[in-house]
Chemist: 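My questions will all concern the structure given below.
Every chain is numbered from 1, with letters handed out A, B, ... down the list of sequences.
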Amino acid sequence: MGSSQVNYRSGLWIDWCPGCGNYGIVAAVYQAFAELKLRPNEVVVVSGIGCSGKTPHFINANGVHTLHGRAIPFATGIKLANPHLKVVVHVGDGDLLGIGSAHFVALGRRNLDVKVIMHDNGVYGLTKGQASPTLKLGVKTKALPNANIQDAINPIALAIASGYTFVARSYAMNTQHLKEVLKKALEHKGAAFIDVLQPCVTFNDVYTVEYYNKRVYVLEEGWDPVVREGTEDEVRNKMLNALIKSMEWEDRIPIGVFYINPFKSTLEERLDQRFEGAYLKKPPAKQSISYEGKPLLSRDMFKEVFSRFFVEVEK
Amino acid sequence: MGSSQVNYRSGLWIDWCPGCGNYGIVAAVYQAFAELKLRPNEVVVVSGIGCSGKTPHFINANGVHTLHGRAIPFATGIKLANPHLKVVVHVGDGDLLGIGSAHFVALGRRNLDVKVIMHDNGVYGLTKGQASPTLKLGVKTKALPNANIQDAINPIALAIASGYTFVARSYAMNTQHLKEVLKKALEHKGAAFIDVLQPCVTFNDVYTVEYYNKRVYVLEEGWDPVVREGTEDEVRNKMLNALIKSMEWEDRIPIGVFYINPFKSTLEERLDQRFEGAYLKKPPAKQSISYEGKPLLSRDMFKEVFSRFFVEVEK
Amino acid sequence: MLEEISFIVGGPQGSGIETSAVVLTYAFARAGYGVLVDREYFSNIKGRHSYALFRVSSKRVPKALKYLTNMLVALDAETVFTHYKSLKDGGILVYDVGISLKKFDAIPSIEDELRSRLAKEFKDLGLDGTVESLANYLRSRKNVFVVGLDYSKVIEEFSKEASLKPHQASMYLSSIPTAAVTTLTGLRESALSFAYMRRFNDPKVVEENIKLSKVVANRVRRVYDFPPLLKNSEIGFNEVLVVSGNDVVAMGKVVGGLRYQAYYPITPAADESFTLETYSRFKVGDEYATVVVLQTEDEIAAITSAIGAALAGVRAATATSGPGFSLMVEGLGWAGMNEVPVVITYYQRGGPSTGLPTRGSQTDLLFTLFASHGEFPRIVIASGDHEEAFKDSIEIMNLTEKYQVPGIHLLDKFLANSLMTLTPPELSELRVDRGVVTEGGDNYLRFDMSKGPVSPRAFLGSNVIMYYTGDEHNEVGHISEDPINRINMYTKRMVKLELMSKEIPEDFLVRLYGDLDADVLLIGWGYVKGVALEVMDELSRGGDISCAYLHLRGFSPFPSRFVAEVLKAFEGKNVVALEHSYLAQLSKVIAMNTGFMIRKEIVKFTGRPMLVDEVLQALIKIVEGVSNREVLSLGE
Amino acid sequence: MLEEISFIVGGPQGSGIETSAVVLTYAFARAGYGVLVDREYFSNIKGRHSYALFRVSSKRVPKALKYLTNMLVALDAETVFTHYKSLKDGGILVYDVGISLKKFDAIPSIEDELRSRLAKEFKDLGLDGTVESLANYLRSRKNVFVVGLDYSKVIEEFSKEASLKPHQASMYLSSIPTAAVTTLTGLRESALSFAYMRRFNDPKVVEENIKLSKVVANRVRRVYDFPPLLKNSEIGFNEVLVVSGNDVVAMGKVVGGLRYQAYYPITPAADESFTLETYSRFKVGDEYATVVVLQTEDEIAAITSAIGAALAGVRAATATSGPGFSLMVEGLGWAGMNEVPVVITYYQRGGPSTGLPTRGSQTDLLFTLFASHGEFPRIVIASGDHEEAFKDSIEIMNLTEKYQVPGIHLLDKFLANSLMTLTPPELSELRVDRGVVTEGGDNYLRFDMSKGPVSPRAFLGSNVIMYYTGDEHNEVGHISEDPINRINMYTKRMVKLELMSKEIPEDFLVRLYGDLDADVLLIGWGYVKGVALEVMDELSRGGDISCAYLHLRGFSPFPSRFVAEVLKAFEGKNVVALEHSYLAQLSKVIAMNTGFMIRKEIVKFTGRPMLVDEVLQALIKIVEGVSNREVLSLGE
Ligand SMILES: Cc1ncc(C[n+]2csc(CCOP(=O)(O)OP(=O)(O)O)c2C)c(N)n1
Ligand SMILES: Cc1ncc(C[n+]2csc(CCOP(=O)(O)OP(=O)(O)O)c2C)c(N)n1
Ligand code: SF4
Ligand code: SF4
Ligand SMILES: [Mg+2]
Ligand SMILES: [Mg+2]
């Protein structure tokens, strides 16, 4: 902390409710970025819509505040166009696991090097407190006219089933812990997911700070989430351990890294392989596409590339 | 078979490719319906778009051929409006796990009594053979210009993580097995998912009949997927067993029921509880809404229901 | 004493201003006044500026709001800074002297743009940027009566009166503005008690608020010892509904027999579903009617599940706003292809994209008319006020079922969130028309072409089976690519356009207020109705200019004949479109349907509603030939 | 010997008809002919009827197709039944006598609707429903020369000639029609070899096909010993491209510098992405250019990831069709709000909903113009032929980058799938204009309003940071709800409409073919261009009626001035809209922009392309005053 000169606060007034867990999240982000000495212009913070969706505006780095549920595909295009950028996604639980879950699953399958930080508050904050997909069955938070009739998703299990190679949980009120997990995720190569327990003081009167403080515990020493050899068996076992851990909730809620697999190729690497090294060397964003206002392809080059379509007429 | 008088074939010419696994699926459906003596007008077969999407037209029962990826929400509305109908969804793997996966996840959370049968052929059949989300990384089927750069989803694991209370796999070429699994699913109360391995003879030259015939084996005796007491521990253990099983693939591919949990309430039951028994007794589709061309609510009833909005003016 | 007043009550979002607005509306309603209230708030849960703009009349129910107010009642400094310009000469400012020294540039919640405008204004006026200097300026230069109360002293006194601990007492802070308003307007205590009782349903809370209100009244009267502002109401109401647009639509749906609503939360639509869920079980005879209200995973699921429910024979709808509707477009097309009566209640808000999510607009008319690929008939109607909204939410279910087409009911945030005193609807005039429904029978054909464009509809679950597909299909509902069947089936669907045009009464689709020989014709739809009618009235009172207003309620089918006739009558005169948009989209719709090009317009796209005074001014400019297009900007 | 011929080659989908069409096109191209081919197929992988409709000319490249054909070459009985009516008097039927006794009502793949029409027709004609009876009828009543070949005998003979096992030989079955065509038209063997070599890149396959072709030729000549049908080409091509619409667009994108394409498979767009992926790495100087082509999880991800790539500074696009575009509407609005140059290549197909997914239409014009909630400027252009498609796919990247707006490039299935011989494009005339791009600098403001409506664009990853949001925003890109900022920023975006109107050359957006004083004006866009021009030619050859054609290529911005002027010139004369739709949507767009109502139209919505002969007839009816609206129906 403080070792870097950059101030990662954007200076904008933060209009989250006083006491909101989001303050802890953004504080951890400032610290993690600072400790990793990230350059603001090489970082892109992408968000969806919700209270969480405002996050990029509060960070001194590129910010792309997108559509509800679609932060991941926006991030995907940015990253694929310029794989040298660090792309971090901040999304609400409704955004990611409700309307956006097809993209959540797809990112796992791709293992693109994008980090997804879910602000898990159990409610739709910005639309005034409806149930989110992480709210358990039968729970009635403040703003609901009736108890929740839909069951909750287990985000950790879903992330693992979808193929994320870094899966963790942290807690907004434990900035130190979150910062460390964030740093690990940022240093991981591949799709990372962090489920951040985030008290919503205004609408979630069930998953409160007190609720979490009583239950949250940190995964420690004995717990090894990292795939170290990369054998199929090892991968499977680490996954299963993580899945078992993810089922803990009622009395004790573990936070920490659940699963890391550094062996799976990323989408960028797969593309680079397809393009025989041409992709990472000069990704799309770094290619020039014209010469003196004209296309790069001359008539001859055009004919060479598209020779299959050319027919010389037989006289 | 044959014990019922109804012919479940619609009589329409089936325009799938000769040899397509879909023939086996629809044959199993005919048999399962017949053995359960389902009445065609009380069954609704809902499908998405794809080769698989044509299924309802070939079955003598109500058929709703919907949009790509959206069969589940259509089915949801049908079932909630009239919970006395049997609602069966036939979808492609691209349809369900690509574009439609947000709905796939949502149905699990709801445990609505809808049956989802996925025609798992590893490709987008009707659009001529692109990779589907069940095609593994690096595989190059016939029509792909390059090897697949996205990884496959494990549909069984995803279904379990999403909350389905009946999760199974079967094989289109084993009609007998599929029929039995279908019958079990139809008799289950709650959201059911069957992953049906379905060779696409035209576009998938990797997951062929030979490929499957060599690897597929039936989960037998020793395997008990059923939650029998309903304790949290038991549920967790059965889930984990199923997850472990679901990771088998390369050499041996298990088919059969992976997981059944009959203890979880269905969405219909939860609604009925909210409405204190009024919902299942007379669901929306059975209510009359007018009397002699007029609304049911008289002025007095209106005032009673919406009394909170009425203000008597103080003179 | 005035016949009517306008005023603003403002403070930070989440501080109780919303409650003040509701309580005051109930209170004025109870006392028999006509009330209209616009509620403005940021896309924010707590802390940003929010306010309610009231118009209260002793003579009638106001149809629109005015910019200039008689009273500005501020819970915080930001309110004073934000709204000081809207105070009339001679108006009243109520504020907290405890914050007199607060400077505008020390308030972080004020947006940069406003802050720099204020800096300039205060510099020009020679003010030091404190609330106090501004209040002094208003008092001395604008003749404003400044009622400075020390809110913390009020609470202190109240906490003693009510024997409450200070932190308990301070929770009543936001009742100070309410009390100030009732005091200044002369509203009787019984009306206020009623309002608090209605809002909190707890006599203890009522009692305490009344105590607080007395403390406030005493202090106000210490500085302001004039008669109350407002005359007693002469309207003569017996009972009224106090409702928002969201509320009346939910009520209409319940009355009209809706039994399935799927929605995904979005401002400003979600409150409707919330109200609906609250009233989703009610007794009819000795049975219970139930409305399934389902929060879906997204808007795609909302519309498609509603279609599913409609297929099963249930009146089904979804309610949404722009972003949600954008996602429903594919589902809409399926309903069009399959002749499914499904209703989309569409609350317009500021676009494009996320836009101004808690502000209003009328920018989605063209979109709704052409949304989804391919061609199919649809109903598109728009409501201009609470009464229309109630009726339309029923009528669109009738029309969509009668013609077996999807329907879009356009509303907007202005209407959705504005509260008003509404005469309870006459239910006996309403009708429920489900169109041609059948149980089936032998050789049932869902898309039977032998009976004209509307085939008898059986529901899934009836005695027969049926097929639906988004593909072109034959009469059975099976896929068909045959070119001749294509022509026939496509035409069957499309001729409904003509059928609907012929059968749906013109006077439902469009209405001319005023005379064909007026000097000026205003044209509008939706939430400009009220302002247009008020402007018309004001002009007629002025006497120089006579003005008529053509109000469009139906766009598909479009009442081309009627509109063309009216426009013909006004050829050569001033014809002015009025719309909360940039493009004045209605003009394009009219041109498309009639060939008449409307070349004058008054538009507003700040997300705030058009106000009577600014429209009047703009219209006069146009009439005077100074301009053809006026862009309005008033209101914060 | 004819200067040009039309013919059909048909058979079951998946049986090789697609290959025949491609091989024949290459072969005719090689021999210097001008070729245009429409490919028709069901939404089916194997078994349903598919065919290719050719027009081949020795004088020029045909611009459109005709209904009446000189030749019908059938791989199966269904082809004969389906198309017999399109054979000209005196045409040639080639069919398999091995299936002469097949009856139409024993063919399950024939759709019910066609089957019952055939039943009626055959009954009326007194035929027994076999292929043979139909062939006899054609021979005796229609003067058709019937070439009956026994396909199994052909294969038998070929299997001996080529020393292939019977099951191997039978894989060449679909080469029989190809061979019959080359024989009857007199195409030389070298052209056919070339074509096979190009298609299969395997000398062995070529050799065998040539052997088969000889067997066929011998047998054909045994019955048909007339001179070949077609004159030698006199066009004088040196080289041509044989391309589909999908191909030329992919080429245009590569040439124009596209570096990111995201897509979700959909007919008829997916082939473009497939071609693009095939050519996604190519050498430029001593480096490799790479185009990332990503198959996404849905169309929402396709458009939003393309927007992401565009923000990072890459020319980015997606390609889709109606259902996909319907899902992209929300993303489009975000791009509009954030002034992102992203391109949607939109291939129209038969709607609504899934509609006729493998057939063509022009029914999405109004939808694309107004898609997405709220208001924002966009580019909408449509291509009328392969050449325009190539250029437009480049130009839309220039325009969208120059004006920083999203763009929609409209095409359709007709163009997408039709093959033609195209003169290779002149690349030196093309330009790449990326608009105002900057690396940033101090106090960079992404939405700087001081520089006019187009702010200098820096890319994510440049030296500065920037913010984007779908909310209304200030110059930095941060959310702002301020009303004055709202007016300014909204106006900044919207005035691009005027800027584009002023700057984009009228002659790019619209073009008048023929004279202002012609008797009749046809108006159209997209794929009616070819048929309109041919009809114009035919009429001018006829001499009685002179005809002009107004071709629209740009809709946003719309060339109102030019169009209004032309329409003024034609006031009182016959002005006829031509469109593959029901509504003739272009007429509405014109009315909206100019006030001119076009009241006559020729429309077709069977999903099959308009054919020269039917348009001509319809137009004559209209000119004669018999009708104002003609609905075309020819083609199966
Ligand atoms: C397509 C669309 N639908 C709905 C909305 C309305 N909306 C705004 S925020 C929000 C939910 C936010 O919940 P969550 O994602 O959990 O974020 P939080 O506010 O809790 O951080 C919704 C539904 C929208 N903006 N776009
Ligand atoms: C919104 C939308 N996007 C794309 C398509 C085009 N489409 C038709 S079928 C299909 C894929 C089918 O694959 P799958 O779901 O696996 O079904 P299968 O054909 O393999 O049974 C697609 C993408 C569509 N109909 N709608
Ligand atoms: S509503 Fe909840 S999540 Fe949103 S800012 Fe307030 S406390 Fe935070
Ligand atoms: S393409 Fe594949 S899935 Fe589709 S019908 Fe043919 S074999 Fe079956
Ligand atoms: Mg949330
Ligand atoms: Mg598939």
Chemist: Return the minimal non-hydrogen interatomic distance between H57(A) and I479(D), and the atom names on each side.
Modeler: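 Looks like NE2-CG1, 3.7 Å.
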Chemist: Return yes if some donor-acceptor pair links the side-chain N/O of R281(D) with the main-chain N/O of F275(A) below 3.5 Å, else return no.
Modeler: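 Such a contact is found between R281(D) side chain and F275(A) backbone.
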Chemist: Output, in order, the C-alpha distance, side-chain angles, deciding distance and verdict of salt bridge (Lys or Arg N to Asp or Glu O under 4.0 Å) for R109(A) and E297(D).
Modeler: CA-CA 10 Å; R109(A) 289 176 55 211; E297(D) 57 276 24; over 6 Å; no
Chemist: I'd like to know if the side chain of K294(A) reaches the main chain of S428(D), judged simply by a donor and an acceptor atom lying under 3.5 Å from each other, with no hydrogens or angles considered.
Modeler: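 Checking the backbone N and O of S428(D) against the side chain of K294(A), a donor-acceptor pair under 3.5 Å is found.
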Chemist: Between F302(A) and F390(D), how do the two ring planes meet: parallel, tilted or perpendicular, split at 30° and 60°?
Modeler: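 F302(A) vs F390(D) ring planes: perpendicular.
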Chemist: State whether the side chain of R30(D) and the backbone N or O of E312(A) hold a donor-acceptor pair below 3.5 Å, judged by distance alone.
Modeler: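 At least one qualifying donor-acceptor pair exists.
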Chemist: Does a side-chain heavy-atom distance below 4.5 Å link N60(A) with I465(D)?
Modeler: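 Result yes, sub-4.5 Å side-chain heavy-atom pair found.
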Chemist: Under 3.5 Å, is there a donor-acceptor pair between the side chain of R259(D) and the main chain of A81(A)?
Modeler: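 Checked: no pair found.
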Chemist: Charged N to carboxylate O under 4.0 angstrom, K286(A) versus E287(D)?
Modeler: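 The answer is no: the pair does not qualify as a salt bridge.
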Chemist: Any idea which heavy atoms bring A312(D) and N82(A) closest together, and the distance?
Modeler: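 In terms of heavy atoms, the two residues are closest at CB-CB, 4.4 Å.
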Chemist: Under a 4.5 Å cut-off applied to non-hydrogen side-chain atoms, are V313(A) and E239(D) in contact?
Modeler: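 V313(A) does not reach E239(D) side chain to side chain.
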Chemist: Is V476(D) close to chain A through its backbone or its side chain, or both, or neither, when contacts mean heavy atoms under 4.5 Å?
Modeler: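 For V476(D), no heavy atom lies under 4.5 Å from chain A.
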